[in-house]
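What's counted below: heavy atoms across the whole structure, side chains too, no hydrogens, waters or symmetry copies.
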Amino acid sequence: QSSVVCPRSTSWAHYPPPGPAMKTLSPLLGLVVAAVLGLVAQPCQGAGGLYSQHDVNQEITDMVTSFRDEALKRAQEKGWKGDFHKFEIKEMKTQVVAGINYFVKVAVSDTECLHLRIYKPLPHMQMPPQLSSIKLRQDHDTPVAYFEPSDEQPDLYA
């Protein structure tokens with residue numbers, strides 16, 4: 001079962017009530033959008049909520065793994081010493097924006113994890129996913145959560 005974290009709620013009080021056709025189509029439209037995006041989640045009152053993903057398929061695993069070298073380079077630029085002894089997805093949450101933000105907890109050793117923020121644009125944009133940000137020094141008990149690219153920690157190992 002998926003869980004939802006809504007960072008804010010939206011008031012729809014200033015909009016007129018939907019007509020009978022919209023009341024019938026709105027839930028169906030929401031299900032169609034969720035199916036197209038491959039997300040199974042519970043409703044959220046605000047756009048951009050985080051959805052816990054329990055099924056990490058091969059496509060997502062390949063996408064995350066493709067950022068291993070870039071994540072290592074960024075970590076070392078921040079003073080992290082060493083290599084990734086493993087690169088294993090432990091937890092993932094998604095946020096639907098103009099594409100999808102993936103917030104991924106990746107185990108890099110038996111004691112340490114990284115949190116990655118990966119942005120995957122919508123298919124019609126014909127752009128590859130990009131590693132937006134990383135958070136260093138996360139342990140296995142720290143859940144992955146929303147973070148801004150500006151929340152990336154500066155030189156924690158210096």
Side-chain angles (χ1 to χ4, degrees), residues 1-13 26-27 29-80 84 86-125 127-158:
Q1 182 177 4
S2 297
S3 61
V4 179
V5 179
C6 296
R8 62 190 175 278
S9 64
T10 303
S11 172
W12 298 96
S26 290
L29 182 60
L31 289 173
V32 169
V33 169
V36 167
L37 293 175
L39 302 175
V40 177
Q42 297 179 9
C44 177
Q45 291 187 330
L50 288 185
Y51 301 91
S52 292
Q53 298 295 307
H54 299 284
D55 298 321
V56 179
N57 63 28
Q58 191 61 47
E59 179 184 353
I60 291 171
T61 300
D62 291 345
M63 178 185 66
V64 172
T65 303
S66 74
F67 290 108
R68 179 184 180 131
D69 292 341
E70 185 177 349
L72 178 60
K73 180 181 176 189
R74 287 192 192 188
Q76 289 174 341
E77 286 171 355
K78 295 183 171 305
W80 191 78
F84 295 158
K86 57 182 167 180
F87 203 78
E88 180 182 331
I89 297 173
K90 291 296 186 180
E91 180 185 2
M92 183 180 73
K93 293 183 180 176
T94 58
Q95 177 190 36
V96 177
V97 290
I100 300 176
N101 282 323
Y102 293 88
F103 297 89
V104 187
K105 177 166 62 172
V106 178
V108 294
S109 74
D110 291 337
T111 59
E112 194 164 11
C113 292
L114 296 178
H115 290 186
L116 308 176
R117 179 180 173 149
I118 299 170
Y119 171 66
K120 182 178 180 183
L122 292 170
H124 77 276
M125 296 176 73
M127 295 172 55
Q130 60 189 25
L131 180 60
S132 301
S133 187
I134 65 171
K135 287 182 87 170
L136 303 170
R137 298 183 68 181
Q138 305 297 304
D139 61 30
H140 286 270
D141 295 327
T142 304
V144 69
Y146 176 91
F147 64 97
E148 292 282 344
S150 60
D151 293 344
E152 194 169 330
Q153 304 115 318
D155 301 324
L156 292 175
Y157 292 91

Quiz item: Considering residues at least two apart in sequence or located in another chain, which fulfil the side chain to side chain contact (heavy atoms under 4.5 Å, CB included) criterion with Lys90?
Solution: Glu88, Lys105, Ala107, His140

Which value, rounded to the nearest 0.5 Å, describes the distance between [X] atom [atom1] and [Y] atom [atom2]?
X      : Y      : atom1 : atom2 : value
Ile100 : Gln95  : CD1   : CD    : 10.5 Å
Leu136 : Trp80  : CG    : CH2   : 8.5 Å
Leu116 : Phe87  : CG    : CZ    : 5.0 Å
Leu50  : Met92  : CG    : CE    : 11.5 Å
Ile118 : Asn101 : CD1   : CG    : 10.0 Å
Lys120 : Thr94  : NZ    : OG1   : 11.5 Å

Quiz item: Given Lys86, which of Asp110, Val106, Val108 fulfils the side-chain contact (heavy atoms from CB on, under 4.5 Å) condition?
Solution: Asp110

How close do [X] and [Y] get, heavy atom to heavy atom, and via which atoms?
X      : Y      : answer
Pro149 : Ser133 : O-OG, 3.5 Å
Ser52  : Lys93  : OG-CE, 3.5 Å
Pro129 : Pro121 : CA-CD, 4.1 Å

4.5 Å side-chain heavy-atom contact, [X] and [Y]:
X      : Y      : value
Phe84  : Leu114 : yes
Arg117 : Glu148 : yes
Val64  : Tyr102 : no
Gln58  : Asp62  : yes

Quiz item: So, the side chain of Gln76 versus the backbone of Arg74: is there a donor-acceptor pair under 3.5 Å, distance only?
Solution: no

Practice problem: Check the pair Asp69 / Lys73 against side-chain contact (heavy atoms from CB on, under 4.5 Å), numbers first and verdict last. | Solution: CA-CA 6 Å; Asp69 292 341; Lys73 180 181 176 189; over 6 Å; no

Self-check item: With sequence neighbours excluded, residues passing side-chain hydrogen bond (donor to acceptor under 3.5 Å, both in side chains) with Asp139
Solution: Thr142

Quiz prompt | Test ring-ring contact (aromatic ring centres under 6.0 Å, His included) applied to Phe103 - qualifying residues, sequence neighbours left out | solution = Tyr146, Phe147

